[in-house]
Q: 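Right, I'll just put the structure down here and ask away after.
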Amino acid sequence: MPAPLAFINSTPDLPREADAVVIGGGIIGSFTAYYLAKRGLKVALIEKGVVGGEQSSRNWGWCRQQNRDERELPLATKALDLWEQFGLESGEETGFRRCGLFYVSNDAAEIDTWARWGEYARSIGVKTRMLNSQEATEHGKFTGQVWKGGVHSQMDGIADPGLAVPAVARGLMALGSTVHQACAARGIETTGGAVSAVVTECGTIRTPLVIHAGGAWASSFMRQLGVRFPQATVRQSILAVGTGHMSLPDAFYGDSMSITRRGDGCHALAYSGRAKVDPTLQFLKYQKQFLPMFKQRWRKVSPGGLQGLRAGHETLSHWRLDQPTPMEARRILDPAPDLKTIRLTVERVSRLIPAVATAPVVASWAGFVDSTPDGVPVIDEVSSVPGLILAAGFSGHGFGIGPGASHLVADIVTGHEPIVDPRPYRLSRFNRGERVDVSEF
């Protein structure tokens with residue numbers, strides 16, 4: 001069964017013109033369109049499949065500051081407030097709540113890493129508290145194990161991946177802008193070198209401004225415009241079990257396993273960092289730049305199969321604007337979960353929580369997580385195509401930091417004071433020969 005997802009109705013008619021067109025109806029695209037609409041812009045949100053259909057509904061649902069890379073932490077902090085604010089001002093339900101996140105461990109090196117991060121985080125006002133063995137064991141008492149230590153991030157929380165993006169899209173339409181599903185953006189037209197229109201399979205929208213938030217499709221789309229964006233995807237698997245009879249926390253991490261309560265009363269289970277790399281031509285093209293990342297994370301990443309190649313999102317081909325594109329051939333990236341990973345996840349979580357061993361598996365799914373060589377997103381104007389903004393490569397972190405990242409995009413577009421310093425997210429850091437500092441988390 002696929003990942004749970006609420007569905008919404010599209011706006012009936014494609015507009016002939018818009019102040020801005022946002023390509024990609026995931027968490028980044030939807031929140032970006034929402035914040036632009038709040039500032040008075042007429043926005044069209046274009047999605048080739050369904051809103052929230054890819055990685056935005058396939059993740060853990062954690063909205064955290066804890067263990068964020070220093071470059072992403074400011075966005076994560078702003079995002080938490082924005083998650084709350086969106087619910088209050090729109091009346092929409094995203095499932096967001098500050099339940100706090102608990103981490104426990106018996107690995108002294110891991111605990112030391114959390115402690116070092118905590119020292120830095122507290123120096124800039126982030127609330128995080130280390131747990132001694134007694135405290136960690138108490139917080140993890142449902143596991144029946146004794147833990148050496150842990151951490152509690154009090155202000156962090158979760159949202160529901162199956163509800164969040166559709167809720168934001170409804171909020172966008174309530175502001176008078178439009179949402180168009182089953183409408184692939186084939187490309188961009190320029191006049192005098194600057195953006196002048198978006199060509200979709202349903203027609204052309206005249207606009208001076210385009211934000212591309214296409215997730216795993218971003219690099220192949222940028223290639224059509226002669227823009228080099230090094231990007232690779234890994235395939236991660238996750239499952240949900242029925243836990244209605246169990247007393248479990250909303251969110252918990254231990255022994256590389258996470259459990260997260262979803263809005264349907266189930267808990268999602270995931271093996272942190274474990275992923276398959278499906279070789280593609282795009283991956284081979286950029287593999288040298290990704291070597292530092294794979295060198296750091298090789299213990300949890302293993303070779304995959306042909307799913308990535310068949311999906312078409314990492315093609316090196318060029319397509320015509322008057323012909324169907326790979327995005328129309330594959331409306332939603334819906335890879336099959338890796339069964340070995342699913343079994344291993346259930347086994348490992350069952351060792352932590354024995355009752356899970358007999359809990360029914362109600363769904364399992366996989367998603368392609370798009371990444372940059374350093375694990376930090378690109379949020380930047382494309383200098384060679386004035387009027388084009390790229391917001392992609394969120395490396396599995398986009399859901400939690402989505403409102404903050406999207407607010408930053410809206411700031412860049414409208415010339416407002418940026419919500420955070422945008423320099424860490426510039427595209428130019430991936431110029432050939434530049435040093436890559438891989439995110440530790």
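Remember, predicted model here, so these are calculated numbers, not experimental data.
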Q: In terms of side-chain heavy atoms, does D278 have a donor or acceptor partner in Q307 at a distance below 3.5 Å?
A: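 D278 vs Q307: no donor-acceptor pair found between side chains.
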Q: Looking at every non-hydrogen atom in both residues, tell me the closest pair between I8 and P166 and how far apart they are.
A: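 Minimum heavy-atom contact is CG2-CB, 3.7 Å.
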Q: Could you tell me if the side chain of I401 sits less than 4.5 Å from the side chain of F394, heavy atoms only?
A: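 Touching, per the 4.5 Å side-chain cut-off.
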Q: Between F86 and F96, is the ring centroid distance below 6.0 Å?
A: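 Between F86 and F96, the centre distance exceeds or equals 6.0 Å.
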Q: Counting only N and O atoms by type, is there a donor-acceptor contact under 3.5 Å from the side chain of T11 to the main-chain atoms of V179?
A: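 Flag set: sc T11 to bb V179 pair under 3.5 Å.
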Q: Report yes if some heavy atom in the side chain of E72 is under 4.5 Å from a heavy atom in the side chain of P377; otherwise report no.
A: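 Side chain of E72 against side chain of P377, heavy atoms only: contact under 4.5 Å found.
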Q: Closer than 4.0 angstrom, basic N to acidic O: yes or no for D338 and K340?
A: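 Salt bridge: no.
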Q: Go through the side-chain N and O atoms of T77 and Q65 and say whether any donor and acceptor fall under 3.5 Å apart.
A: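 Distance-only check passes for T77 and Q65.
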Q: Looking at S30 and V165, what are the two nearest heavy atoms and their distance?
A: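 Result for this residue pair: OG-CG1, 3.3 Å.
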Q: Are any of the side-chain nitrogens in D250 or R262 under 4.0 Å away from the carboxylate oxygens of its partner?
A: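 Not counted as a salt bridge, because no side-chain N and carboxylate O are separated by less than 4.0 Å.
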Q: Whether the R223 and S220 side chains hold a donor-acceptor pair (N or O, under 3.5 Å, no angle test) is what I'd like checked.
A: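 Distance-only check fails for R223 and S220.
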Q: Just by distance, do the side chain of Q323 and the backbone of R320 share a donor-acceptor pair under 3.5 Å?
A: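 No, Q323 side chain to R320 backbone: no donor-acceptor pair under 3.5 Å.
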Q: Just checking R16: does its CZ atom have more than 12 heavy atoms from other residues, nucleotides or ligands closer to it than 6.0 angstrom?
A: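 No.
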Q: For the residue pair Y103 and W62, is the inter-centroid distance of their aromatic rings smaller than 6.0 Å?
A: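 Centroid distance Y103-W62: below 6.0 Å, so yes.
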Q: Once you round to the nearest 0.5 Å, how far does CD1 of I211 lie from CD1 of I46?
A: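 That separation rounds to 11.5 Å.
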Q: Consider only side-chain N and O atoms of H397 and S395, and report whether a donor and an acceptor are under 3.5 Å apart.
A: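 On atom types as modelled, these side chains do not qualify, holding no pair under 3.5 Å.
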Q: Tell me, yes or no, whether the heavy-atom count around Q154 atom CD, taken from other residues, nucleotides or ligands under 6.0 Å, exceeds 12.
A: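 Buried by this count: over 12 neighbours within 6.0 Å.
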Q: Contact between L281 and T315 at the side-chain level, heavy atoms closer than 4.5 Å - yes or no?
A: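 Not in contact.
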Q: Tell me, do D374 and F430 make a side-chain contact under 4.5 Å, heavy atoms counted?
A: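 Touching, per the 4.5 Å side-chain cut-off.
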Q: Rounded to the nearest 0.5 Å, how far does CG of L339 lie from OG1 of T341?
A: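 Here the rounded value is 9.0 Å.
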Q: Tell me if the centroids of the rings in F399 and W83 come within less than 6.0 Å of each other.
A: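 Yes - the distance between ring centres of F399 and W83 falls below the 6.0 Å cut-off.
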Q: Would you say M327 and W319 make side-chain contact, with heavy atoms under 4.5 Å?
A: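 Yes; the side chains approach each other to less than 4.5 Å.
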Q: Between T191 and S196, does any side-chain donor sit less than 3.5 Å from a side-chain acceptor?
A: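 There is such a pair (donor and acceptor under 3.5 Å, judged by atom type) between the side chains of T191 and S196.
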Q: Could you walk me through whether T233 and V369 pass the side-chain contact (heavy atoms from CB on, under 4.5 Å) test, one step at a time?
A: CA-CA 5 Å; T233 59; V369 179; over 6 Å; no
Q: Indicate yes or no: at least one non-hydrogen side-chain atom of L45 is less than 4.5 angstrom from one of Y34.
A: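 With C-beta onward as the side chain, the pair stays apart.
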Q: Shortest non-hydrogen contact from A115 to R122?
A: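 Closest approach of A115 to R122, heavy atoms only: O-NH2, 4.5 Å.
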Q: In the structure I gave you, are the side-chain heavy atoms of V195 and L209 within less than 4.5 Å of one another anywhere?
A: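 No. Closest side-chain heavy atoms not under 4.5 Å.
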Q: Below 4.0 angstrom, N of the basic side chain to O of the carboxylate: do D411 and R39 qualify?
A: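 Salt bridge flag = yes for R39 with D411.
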Q: Carefully, step by step, assess I389 and H212 under the rule side-chain contact (heavy atoms from CB on, under 4.5 Å).
A: CA-CA 6 Å; I389 310 292; H212 193 280; over 6 Å; no
Q: Return yes if some donor-acceptor pair links the side-chain N/O of E381 with the main-chain N/O of S383 below 3.5 Å, else return no.
A: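 No; judged by distance alone, with no hydrogens or angles, the pair does not exist.
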Q: What's the spacing between S439 OG and M293 CE if we round to 0.5 Å?
A: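 So the gap between those two atoms works out to 7.0 Å.
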Q: Check this for me: does any side-chain nitrogen of one of K42 and E17 sit under 4.0 Å from a carboxylate oxygen of the other?
A: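 A salt bridge is absent here (no side-chain N lies under 4.0 Å from a carboxylate O).
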Q: Between E201 and K48, does any NZ, NE, NH1 or NH2 come within less than 4.0 Å of an OD or OE carboxylate oxygen?
A: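 No.
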Q: When you look at CZ of R129, are more than 12 heavy atoms from neighbouring residues, nucleotides or ligands closer to it than 6.0 Å?
A: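 Yes, enclosed.
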Q: Looking at N9, I'd like to know if its CG atom is crowded, meaning that more than 12 non-hydrogen atoms belonging to other residues, nucleotides or ligands lie closer than 6.0 Å.
A: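 For N9, atom CG is not crowded (no more than 12 foreign heavy atoms under 6.0 Å).
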Q: Any Lys/Arg nitrogen of E314 or K285 sitting under 4.0 Å from an Asp/Glu carboxylate oxygen of the other?
A: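 Between K285 and E314 there is no salt bridge, as every charged N stays at least 4.0 Å from the carboxylate O atoms.
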Q: Test your reading of the model: is there a side-chain donor-acceptor pair from T204 to the backbone of T200, 3.5 Å cut-off?
A: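 No; judged by distance alone, with no hydrogens or angles, the pair does not exist.
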Q: Do other residues, nucleotides or ligands put more than 12 heavy atoms under 6.0 Å from E70 CD?
A: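 No.
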Q: Do side-chain atoms of T32 reach the backbone of G29 as a donor and acceptor pair under 3.5 angstrom?
A: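 Between the backbone of G29 and the side chain of T32 there is no qualifying donor-acceptor contact (under 3.5 Å).
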Q: Are any side-chain N or O atoms of E84 and backbone N or O atoms of A79, one a donor and one an acceptor, separated by less than 3.5 Å?
A: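 Answer holds: no.
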Q: Test your reading of the model: is there a side-chain donor-acceptor pair from E47 to the backbone of Q181, 3.5 Å cut-off?
A: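 Not at all, since once roles are kept as given, no pair shorter than 3.5 Å links the two residues.
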Q: Are any of the side-chain nitrogens in D437 or R435 under 4.0 Å away from the carboxylate oxygens of its partner?
A: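 Salt bridge: yes.
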Q: Given S258 and H267, is the side-chain contact (heavy atoms from CB on, under 4.5 Å) satisfied, shown in steps?
A: CA-CA 10 Å; S258 74; H267 272 75; over 6 Å; no
Q: Thinking salt bridges, do R429 and D380 make one under a 4.0 Å N-O criterion?
A: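 The answer is no: the pair does not qualify as a salt bridge.
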Q: Are R98 and D156 ion-paired here, with the side-chain N under 4.0 Å from a carboxylate O?
A: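 The answer is no: the pair does not qualify as a salt bridge.
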Q: For the residue pair A185 and V198, what are the closest heavy atoms and their distance?
A: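 Answer, listing the atom of A185 first, then V198: CB-CG1, 4.0 Å.
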Q: Specify the closest pair of heavy atoms between L5 and S57, including all atoms of both residues, with the distance to one decimal.
A: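 Nearest pair, atom of L5 first, then S57: CD1-CB, 3.9 Å.
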Q: Between T207 and A18, is there a donor-acceptor pair closer than 3.5 Å when you use the side chain of the first and the backbone of the second?
A: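 Side chain of T207 to backbone of A18, a donor-acceptor pair under 3.5 Å: yes, one is there.
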Q: For R206, does its backbone N or O pair with a side-chain atom of E189 as donor and acceptor, under 3.5 Å?
A: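 Absent.
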Q: May I ask you to test the V378-R426 pair for a side-chain heavy-atom distance under 4.5 Å?
A: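 Not in contact.
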Q: Roughly how far, to the nearest 0.5 Å, is the CG atom of L73 from the CH2 atom of W117?
A: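 The CG atom of L73 is 5.5 Å from CH2 of W117, to the nearest 0.5 Å.
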Q: Applying side-chain contact (heavy atoms from CB on, under 4.5 Å) to Y271 and S256, what does each step give before you reach the verdict?
A: CA-CA 6 Å; Y271 192 152; S256 296; 3.8 Å; yes
Q: Any chance you could measure I419, atom CD1, to L75, atom CG, to the nearest 0.5 Å?
A: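 Reported to 0.5 Å precision, the distance equals 8.0 Å.
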Q: Please check if the side chain of R58 supplies one atom and the backbone of G53 the other of a donor-acceptor pair under 3.5 Å.
A: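 Yes, R58 side chain to G53 backbone: donor-acceptor pair under 3.5 Å.
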Q: Do T325 and E328 have side-chain N/O donor and acceptor atoms under 3.5 Å apart?
A: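 T325 vs E328: donor-acceptor pair found between side chains.
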Q: Which value, rounded to the nearest 0.5 Å, describes the distance between K288 atom NZ and L291 atom CG?
A: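 The distance works out to 8.5 Å.
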Q: Do H313 and F368 pass the ring-ring contact (aromatic ring centres under 6.0 Å, His included) test, and can you show the C-alpha distance, the side-chain angles, and the key distance before you say yes or no?
A: CA-CA 10 Å; H313 61 291; F368 286 113; 4.6 Å; yes
Q: Tell me the closest heavy-atom pair linking A270 and W60, and the distance in Å.
A: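 Scanning both residues completely, I find the closest heavy atoms to be CB-NE1, 3.1 Å.
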